[in-house]
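Since this is a predicted model, take the numbers as computed values, not measurements. Chain letters run A, B, ... following the sequence lines, proteins first, then strands; residues in each count from 1.
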Amino acid sequence: MTALRPPVRPAGRLAALARPATLVAALAVAVVLLWALAPGLFTGHDPVTGVPAERLQAPGAAHWFGTDHLGRDLYARTVHGTSLSVRAALLAIAVALVAGSAVGLVAGFTGGPVDEALMRGTDVLLAIPGLLLSLAVVTALGFGTVKVAIAVGVASVATFARVMRTQVLRVRHATYVEAARLAGAGRAAVLLRHVLPNAAGPVLALAAVELGAVILAVSALSFLGYGATPPTPEWGSLVAEGRDYLAVAWWYSTLPGLVVAVFVLAVGVLGRALAREGRTDR
Amino acid sequence: MAAYVLRRVGGAVGVLWAAFTVSYLILYLLPSDPVAIMLDQGAGGERVDPARVAELRERYGFDQGPVQQYLTLLGRALTGDLGTSISSGAPVAGLIADALPQTAQLAGLALVLGLAGGTAIAGLASWTRAAWLRDLLLLLPPLGVAVPGFWVGLVLLHLFSFTWFVFPAVGNEGFSALVLPAVTLAVGLSAVVAQVLAQGLREAWRAPYVEVAFAKGAGRGRVLAAHVARNGSLPTVTVLGVLVGNLLGGTVVVETVFSRQGFGRLVENAVTTQDIPVVQGLVVVAAAVFVTTSLLADLAHPLLDPRVTTARGAR
């Protein structure tokens, strides 16, 4: 089918950077994932106990991101906080992906009043601003990184359910699905073996695109103080700790926050590249 | 038209009722013992009087079954009684009514700035024929979506309040205290507006009436202003409800960063103290704002595109 593909859009000079941009983004994401997996490889400083004599030092060769009010190395705290923040984001995506896909699968495959009821339910979830929905869940569950992750995941369930349902409706009456049914396969078998694999592509692409938003939401809740308890470092809470030292130590909030921004941007570039790839494959 | 409006208003009321139900399910049924949470926060860890436990159970209907309790709370909400705050004892409806004007100013200014910024980016990118300028402009929205709101706020605070002393760092006093928080909220908003609007304009440029307009001798600017903008902005109007809802969510972070009083600060306080009735009231009010904005946007739709009413009215 290659010959039928539309010709590549004649792009401007900056669009020619699209490929290198994807590469740089991939590199940034890879570095952050390595921070999460093996923080000890990237910094020798202790993230929790500081050197009081070195408090509030500006960034330099000894401390790349400077130090905080207890003399702790901020680069070390950022690197060690990565694992908790990234795992929370992945857990949130997993919650949204699994719960949302289940709702979408059942709604799309069953149809009728069940479909109607489930979709009205997602309408309601979409009517409550995402952050407020997460905060309501946090109020009920209590504080902590895992609870924050679940709360953020719950807020994205409706979006995933929608996309999954659309995909299921697309493949539900495809010839191979009808054939499997005629051949005597049970409903569950048809659903899991034939419908799910063929509907999964765009849903997984959505997961890649949503990851950035989820990281921002997890960081925001952590910034508000609903995540890990001090002194455990987390991306959002690191930025929050720097609030009181804004006038004297610009690096304290700025540099950890910059890491979040760069990572979200990189994840977004990669996610969109993956989604594009998925579209042209079909 | 009357039937269309009536149907939309009915739908909006339905969503509002459902939002109350969802928040009830989350806040009252999810915790193992909401009364314990309420008392724990209210008493600050002191020993709790059993009489007070019984009183709270009765007031919030925990001595009844979940269905009965839900109906009791819903009945009160219908009369405008959203319960009382656990931590302060004040009526929830009053707390929210006091907080909303401050936040309405903030969100209003942010909405104006965000729409203006997003329209400027998308409009210029759509109008220009210089590929480099278009690509450069369209790099901005992904950037605006990626930066955390709390971080933008702190950076602005650092630059404009602590380095150049242009705007006050905290407080609700006057217009100058409103600028930085509004700009912070507008960054994310304008990025989303620019993305949706640019997409809409791109599709509108391909329509046959654009060729007709060019054939009749109109210039690029005139075609954009008179023909493309009108149809290309429809998707943006459609998502206006979501945008305003998110703006309200964003005030939680921004009002905390700038130490402003308002809706967002009330949310932050209520969640921190696990003040369940207040959180539920805030969620319902946020849903009401979303539903009202969406309704207004829907009603504005036929003004921009006359086909909308006739198509749906024919059903």
Applying a strict 4.5 Å limit to non-hydrogen atoms, the region of A:Phe263 in contact with chain B is neither
Region of A:Leu125 in contact with chain B, defined by heavy-atom distances below 4.5 Å
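Side chain only.
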Just so I understand: if I count every heavy-atom pair under 4.5 Å between each of [options] and chain A, which residue has the most?
| options | result |
| --- | --- |
| B:Gly264, B:Ala19, B:Ala270 | B:Ala19 |
| B:Val252, B:Val15, B:Val155 | B:Val252 |
| B:Thr163, B:Val257, B:Val289, B:Val145 | B:Val257 |
| B:Gly14, B:Gly250, B:Ala18, B:Ser294 | B:Ala18 |
| B:Thr256, B:Leu16, B:Leu143, B:Val152 | B:Thr256 |

Heavy-atom pairs under 4.5 Å with chain B - which of [options] has more of them than the others?
| options | answer |
| --- | --- |
| A:Val260, A:Leu258, A:Val262, A:Leu126 | A:Leu258 |
| A:Leu216, A:Val267, A:Val138 | A:Leu216 |
| A:Leu131, A:Val124, A:Leu246 | A:Leu246 |

Original post:
In Å and rounded to the nearest 0.5 Å, what is the CD1 to OG distance from B:Ile121 to B:Ser126?
Top reply: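 Between atom CD1 of B:Ile121 and atom OG of B:Ser126 there are 13.5 Å.
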Distance col, row A:Glu234:CD vs A:Thr145:OG1, nearest 0.5 angstrom, shows 4.0 Å
Check: In terms of the angle between their ring planes, are A:Tyr75 and A:Trp64 parallel, tilted or perpendicular, with boundaries placed at 30° and 60°?
Finding: tilted
Note to self: Using 30° and 60° as the class boundaries, would you call the ring planes of B:Tyr24 and B:Tyr70 parallel, tilted or perpendicular?
What the structure shows: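 Geometry flag for B:Tyr70 against B:Tyr24: tilted rings.
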> Side-chain contact, heavy-atom cut-off 4.5 Å: A:Ser222 with A:Val148?
Replying inline: no
### Query
So do the side chains of B:Leu282 and B:Leu266 get within less than 4.5 Å of each other, counting heavy atoms only?
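B:Leu282 reaches B:Leu266 side chain to side chain.
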Mind running side-chain hydrogen bond (donor to acceptor under 3.5 Å, both in side chains) on A:Tyr226 and B:Thr272 for me, showing each step along the way? CA-CA 8 Å; A:Tyr226 306 136; B:Thr272 306; 3.0 Å; yes
At a 4.5 Å cut-off on heavy atoms, which part of [X] comes close to chain A: side chain, backbone, both, or neither?
| X | result |
| --- | --- |
| B:Ser23 | neither |
| B:Val279 | side chain |
| B:Phe20 | neither |

Do other residues, nucleotides or ligands put more than 12 heavy atoms under 6.0 Å from the CH2 atom of B:Trp127?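 No.
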task: Walk me through it: do B:Glu203 and B:Gln199 pass the test side-chain hydrogen bond (donor to acceptor under 3.5 Å, both in side chains)?
output: CA-CA 6 Å; B:Glu203 267 152 36; B:Gln199 174 73 21; 2.7 Å; yes
